[in-house]
Each structure stands twice: as C-alpha cells, then as structure tokens.
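Just below is one structure, and these are the notes that go with it.
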Amino acid sequence: MRDIARGWHAAGHSIGLVPTMGALHAGHMSLVDQACRENDKVVVSVFVNPIQFTAGEDLGRYPRSPERDLSLLRAAGVDAVYKPSVADMYPTGASTHVIVHGVADALEGAARPGHFEGVATVVAKLFAATSADRAYFGQKDAQQVAVVKRLASDLDLGVEIRVCPTVREADGLALSSRNAYLNPAERQAAVCLSRALGLAAEAYGRGERDPARLRAILREVIDAEPLAKLDYAEVVDAATFFTPGSLALVAVRIGATRLIDNHDLKLPYPG
Ligand code: PAF
C-alpha cells in the first residue's frame, strides 16, 4: 500500500482515504463519493480493528460482507481497497499505542474503555500506510471525529480531516452497520434516538439553552420507549467534549444493540 501511495504522490496525485470496518452502507458510500470528488486517488481501508472493541463487545459477530463491499467499491470507482490482516496490522511484538487525552475521556471513552486508544492507533497506522492527504469520517461518530482531529493536529500528521453529514433512513434512524442486529420491533424502537435529537433541536430553536433542560428532553423521549435503555444523553462542545456547547449526543441500548447518534442543535434538524 505504501509503495502504491508513494508512486501516486511522485506522480503529483492527491490521495483521499476512507477508513472503514466494512459492512458498507450508504453512509460509507457518501464518504467514498466525497473522497472521489476531492482527490485524484481514493483508497478505502476495510479492517475490523480488534483493539477498538472492548471486552464483551461484538467483535466476533461484527457484520462482514466482503464480496458486497468490494463490488460496491469497484462500482464507485475507487483506486485501491486496503485490506490488511490482523497480523499485518499488529505483528507479534507490536507494543506502541496512541492515546488521545481529554476529548477521548468522556461519553464513548468512559463507556468503552480503550476504544479510542484502539481507534487512534489504527487510524494513525492507516494514515501512515496510505500517505493520505485527506481522510473522511462520518459525523455520526462525532466523538471519533473530535479524537481523530486532535490526533492529526497533535502529531502533525499532515492529513486534512473531512467530516461528512450523517446519512439517515426515511424515519430518521442514522445508518450504522450495527442496525443489522435489530429485529423488526427493535428497529422501530430505534427511531427514538433521532426523535429525541429532533425534539431537542426544536427546543433549542425556540431559545432553550439550559443544558439540563435539553438533556431532560433527550432523556424523556428515550425513557418513553419501552425497548430502549439510555446509556447517556449529553449536550457538549463538539471539539472538547466536556465544555458546554450545542452538540447533543445520545447512546442507547435497544435490546442487545448499542446505538449512538448526535446533532448540532444550532443546525435545523433534517426531516
Ligand atoms: O468508524 C469506523 O468504522 C472505525 O472506527 C474506523 C475509523 C474505521 C477505525 O477502525
């Protein structure tokens, strides 16, 4: 991968990277489309990164659709698909991890200890392997975006982080590979995440600025859904994740599936 990327740079081409864990859906493909518009060459990495799953999480059953992924990427016209094995990525003896402090500590970081260490480590390695000029991430994983921006800036990685809007189903559910785990009743219940964010955005639009009140609105909607169990509902600054701001985030368990979603309350809620 590095040799190919060096060749592209030597020929004067810019390189866009879309890091994924496969099981591609329209959300991923929107990142790929934007990368194709903005770069001469586009690499999509497909790697289910074991070190970002915490103990007891879904690593073993994480959805995988390798043939379908490849045909989607071929049809989209990407220039390379980078699919390292776990042994390629973490050879015996590898002992260096990247830890991002501060922004990685709260919310997802607190709920999933070690998760962002795994993300930051693999993303740094993917940036190195692909020599990417730009890398594309979905707003759906807002805290991951903040962590990766911090990583790229703090380590002077020279990669521009491009953030693409969340792609949603018609009823508002944010696309996620983990939606595949939901049974029909859970799928219906899962709409409570986007409904909660929409109601909080409406309240913000009417002038509500009290974070406690906004959090209560989020919580009330989730609590009203019998199949949903709230993990957290927060309103924070999108860059620091602990100072006050307008980014509303929810994490909810629907049955055995944990879903996250977010919306910047300053923006009108889509739909
Ligand atoms: O968002 C994801 O799919 C993963 O966290 C990423 C960025 C590909 C790193 O493994």
Side-chain angles (χ1 to χ4, degrees), residues 1-53 58-90 118-142 144-145 148 151-152 157-170 173-181 260:
M1 182 68 247
R2 191 173 300 133
D3 288 347
I4 292 170
R6 281 190 183 138
W8 286 339
H9 269 166
H13 296 311
S14 62
I15 302 175
L17 166 69
V18 183
T20 81
M21 297 206 299
L24 302 180
H25 52 63
H28 297 111
M29 298 316 290
S30 75
L31 306 181
V32 171
D33 288 347
Q34 187 164 338
C36 289
R37 286 194 299 275
E38 296 181 350
N39 300 276
D40 301 317
K41 299 289 179 186
V42 170
V43 183
V44 177
S45 62
V46 177
F47 179 65
V48 181
N49 177 31
I51 68 166
Q52 71 184 71
F53 289 77
D58 54 345
L59 172 61
R61 65 181 190 119
Y62 193 80
R64 286 169 171 85
S65 52
E67 282 92 26
R68 189 172 169 277
D69 291 350
L70 276 185
S71 68
L72 284 171
L73 296 173
R74 199 171 285 123
V78 308
D79 298 280
V81 177
Y82 178 46
K83 274 190 84 169
S85 67
V86 173
D88 291 334
M89 193 57 96
Y90 304 116
V119 170
T121 302
V122 82
V123 164
K125 288 173 69 80
L126 292 169
F127 288 177
T130 61
S131 306
D133 299 294
R134 298 184 190 87
Y136 294 78
F137 293 86
Q139 172 61 29
K140 151 93 174 23
D141 295 309
Q144 171 169 278
V145 165
V148 170
L151 162 77
L157 297 181
V159 185
E160 183 188 346
I161 306 305
R162 307 282 288 147
V163 184
C164 306
T166 302
V167 178
R168 297 179 180 280
E169 303 277 11
L173 178 66
L175 295 196
S176 162
S177 304
R178 290 188 167 100
N179 292 351
Y181 298 147
I260 58 172

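We number each residue from 1, following the sequence as shown.
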Working to the nearest 0.5 angstrom, can you tell me the gap between Tyr82 OH and Ile4 CD1?
10.5 Å
Separation between OG1 (Thr20) and CZ (Phe137), nearest 0.5 Å, reads 11.0 Å
Note, Leu157 side chain near Leu151 side chain (heavy atom, < 4.5 Å)
yes
Rounding to 0.5 Å, atoms NZ (Lys83) and CE (Met1) come to a distance of 15.0 Å
To check you understand the geometry: which heavy-atom pair defines the closest contact between Leu17 and Ala132, and what is its length?
CB-CB, 3.7 Å
Using the ring-ring contact (aromatic ring centres under 6.0 Å, His included) rule, collect all pairs that involve residues 28-47, keeping only residues at least two apart or in two chains.
His25-His28
Could you pull out the closest heavy-atom pair between Val167 and Ser30, with the gap in Å?
CG2-OG, 3.6 Å
Show the nearest heavy-atom pair for residues Pro66 and Arg64, with the distance to one decimal.
CD-C, 3.6 Å
Interatomic spacing from OG in Ser65 to CG in Leu70 - rounded to 0.5 Å:
9.5 Å
Looking only at atom types and distance, does a side-chain atom of Ser177 sit under 3.5 Å from a main-chain N or O of Ala23, one as donor and one as acceptor?
yes
Test item: Val86 and Pro50 side chains (from C-beta on) under 4.5 Å apart, heavy atoms
yes
Can you name the residues that form a ring-ring contact (aromatic ring centres under 6.0 Å, His included) with Tyr90, not counting sequence neighbours?
none
Which distance, rounded to the nearest 0.5 Å, do you find between the CG of Leu59 and the CE of Met21?
8.5 Å
What heavy-atom pair brings Ser45 and Pro19 nearest, and what distance separates the two atoms?
OG-CA, 3.1 Å
side-chain contact (heavy atoms from CB on, under 4.5 Å) partners for Leu73, two or more places apart:
Leu24, Met29, Val32, Val44, Val46, Val78, Val81
Has the side chain of Asn179 got a donor or acceptor atom that lies under 3.5 Å from a matching backbone atom of Ala174?
yes
Counting only pairs under 3.5 Å, give me each side-chain donor-acceptor contact of residues 158-165, with atom names and distances, residues two or more places apart or in other chains.
{"residue": "Glu160", "atom": "OE1", "partner": "Arg134", "partner atom": "NE", "Å": "3.4"}
{"residue": "Arg162", "atom": "NE", "partner": "Glu38", "partner atom": "OE1", "Å": "2.9"}
{"residue": "Arg162", "atom": "NH2", "partner": "Glu38", "partner atom": "OE1", "Å": "3.3"}
{"residue": "Arg162", "atom": "NH2", "partner": "Glu38", "partner atom": "OE2", "Å": "2.7"}

Tell me whether Thr121 contacts the main-chain N or O of Gly118 through its side chain, where contact means a donor paired with an acceptor under 3.5 Å.
no
His9 side chain near Asp133 side chain, heavy-atom distance below 4.5 Å:
yes
Verify side chain to side chain contact (heavy atoms under 4.5 Å, CB included) between Asn39 and Tyr136, making sure each step is shown before the conclusion.
CA-CA 11 Å; Asn39 300 276; Tyr136 294 78; 2.8 Å; yes
Partner residues of Arg2 under the side-chain hydrogen bond (donor to acceptor under 3.5 Å, both in side chains) criterion, sequence neighbours left out:
none
Mind checking what makes salt bridge (Lys or Arg N to Asp or Glu O under 4.0 Å) contact with Arg68, not counting sequence neighbours?
none
Out of curiosity, Arg178 CZ to Ile260 CD1, how far, rounded to the nearest 0.5 Å?
8.5 Å
Ser85 versus Asp88, side-chain donor and acceptor atoms under 3.5 Å
yes
Kindly determine whether Met89 and Leu126 satisfy side chain to side chain contact (heavy atoms under 4.5 Å, CB included), including the steps that lead there.
CA-CA 9 Å; Met89 193 57 96; Leu126 292 169; 3.7 Å; yes
